[in-house]
Amino acid sequence: MGDWHPESPFRLQAIDDQLIASGIANLLEHREAPLASVEDLQLVHSDAAIARVRDHLPAPGDYYPLDSDTLLNACSWDAARRAAGAAIAATDAVMAGEVDNAFCAIRPPGHHATPDAAMGFCLFNNVAIAARHAMQVYGLERIAIVDFDVHHGNGTEDTFSEDPRVLMVSFFQHPLYPYTGVHPAGSEPAHMVNVPVPAYTRSDVIRDIVRQRWLPALHAHRPEMIFISAGFDAHREDDIASVGLVEADYAWITRQLVEVARLYAKGRIVSCLEGGYALSALGRSVVAHLKVLAGID
Ligand SMILES: [Zn+2]
């Protein structure tokens, strides 16, 4: 999105580097991401939202701003379709039993993209599209979306706020972009357990939220599949926000989710990269997350 932009190609390079350095790259099965079709995008997004990306690609080297921090370049349409296509292909592979679970190292991220608008570095909502795909193609009736990105997943909440088949659990720093997700007490639907936390929240508080808010809701919902909006920008080294998680916290959270998936979902988890902009911390945190998913921690 421009040399100045934190959502940069170096993020995936940092993840690859840490997978190799940690010695786990060779223990994982790697697959290329296919392109999602327009019909796939339509599982969540309006025709206008799709056309706004597809029809505004600039010439190579130029940028087209959708908002002040969400820009298109000449490759954005294909990149966004590969991101969504990865989430769908991962869902298919997990549902077919080809793999136990999957992590999608994808960009652009997705959880801010609403049905009608790209925003916040996100063009299409990869996790929401894959969740709809899982319900439509495989007839799943209970899905959980776990969002541990430091920002509120407003696009995901918008998509599923009227669909109690989808339980969404998250925490998010508030106030912080996109300044959504805080509802008057008692007005939040039971299937939206999105917990605001102030700046400088530490890991012990986040773990209490997981134990006291997420896990009871997850056990009550008994999800047949878990999707993770895996943003790593709540890491204490990430300057885009001010929450104090470290790699061990991402491993701990992942362990809780693996256990829920084991109980109700035949272990089925599809995790998709969202944010995470401190490159070293991002790579190390993904390694911690993947070691647990792969059962090698
Ligand atoms: Zn984020």
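- Judged as a ring-ring contact (aromatic ring centres under 6.0 Å, His included), and not counting sequence neighbours, the contacts of Tyr250 are Phe148, Phe232.
- Residues meeting the side chain to side chain donor-acceptor pair (under 3.5 Å) test with Asp239, sequence neighbours left out: none.
- Pairs passing the ring pair (Phe, Tyr, Trp, His ring centres under 6.0 Å) check and including a residue from residues 72-103, sequence neighbours excluded, read Phe103-His289.
- The hydrophobic cluster containing Val182 also includes Phe172, under a criterion of side-chain heavy atoms closer than 4.5 Å among ILVMFWY residues, counted directly or through chains of members.
- Applying the side chain to side chain contact (heavy atoms under 4.5 Å, CB included) test to His133 and every residue at least two apart in sequence or in another chain returns Leu43, Ile88, Thr91, Asp92, Val137, Tyr138.
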Donor-acceptor pairs under 3.5 angstrom involving side-chain atoms of residues 4-11: please list them, not counting sequence neighbours.
residue : atom : partner : partner atom : Å
His5    : ND1  : Glu7    : N            : 3.0
His5    : NE2  : Asp69   : O            : 2.8
Glu7    : OE1  : Arg107  : NE           : 3.4
Glu7    : OE1  : Arg107  : NH2          : 3.4
Glu7    : OE2  : Arg11   : NH1          : 2.8
Glu7    : OE2  : Arg107  : NE           : 2.6
Ser8    : OG   : Phe10   : N            : 3.1
Arg11   : NE   : Gly276  : O            : 2.7
Arg11   : NH2  : Glu274  : O            : 2.8
Arg11   : NH2  : Gly275  : O            : 3.3
Arg11   : NH2  : Gly276  : O            : 3.2

*Apply the test side chain to side chain contact (heavy atoms under 4.5 Å, CB included) to residues His235 and Arg284: give CA-CA distance (whole Å), side-chain angles for both, the deciding distance (0.1 Å), then the verdict.*
CA-CA 10 Å; His235 196 287; Arg284 287 157 20 223; 3.8 Å; yes
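- Every residue two or more places apart in sequence or in another chain that forms a side chain to side chain donor-acceptor pair (under 3.5 Å) with Arg255 is listed here: Asp297.
- Listed by first and then second residue, the side chain to side chain donor-acceptor pair (under 3.5 Å) pairs that reach into residues 47-65 are Gln42-Asp47, sequence neighbours excluded.
- Judged by distance alone, the side chain of Asp249 and the main-chain N or O of Ser203 form no donor-acceptor pair under 3.5 Å.
- For Arg202, the side chain to side chain contact (heavy atoms under 4.5 Å, CB included) test picks out Asp204, with sequence neighbours left out.
- Arg142 places a side-chain N or O within donor-acceptor distance of the main-chain N or O of Arg222, the cut-off being under 3.5 Å.
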*asked:* side chain to side chain contact (heavy atoms under 4.5 Å, CB included), that's the test. Do Val94 and Ile269 meet it? Break it down for me.
replied: CA-CA 8 Å; Val94 169; Ile269 295 176; over 6 Å; no
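- Of the possible polar contacts, one joining the Glu224 side chain to the Glu141 backbone as a donor-acceptor pair under 3.5 Å is found.
- Shown here are the side chain to side chain donor-acceptor pair (under 3.5 Å) partners of Asp233, two or more places apart in sequence or in another chain: His151.
- Every residue two or more places apart in sequence or in another chain that forms a side chain to side chain contact (heavy atoms under 4.5 Å, CB included) with Ala89 is listed here: Pro34.
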Run the side-chain donor-acceptor check on residues 112-121: report pairs under 3.5 Å with partners two or more places apart or on a different chain.
residue : atom : partner : partner atom : Å
His112  : ND1  : His152  : O            : 3.3
His112  : ND1  : Asn154  : OD1          : 2.7
Thr114  : OG1  : Asp116  : N            : 3.2
Thr114  : OG1  : Ala117  : N            : 2.9
Thr114  : OG1  : Ala117  : O            : 3.4
Asp116  : OD1  : Ser46   : OG           : 3.2

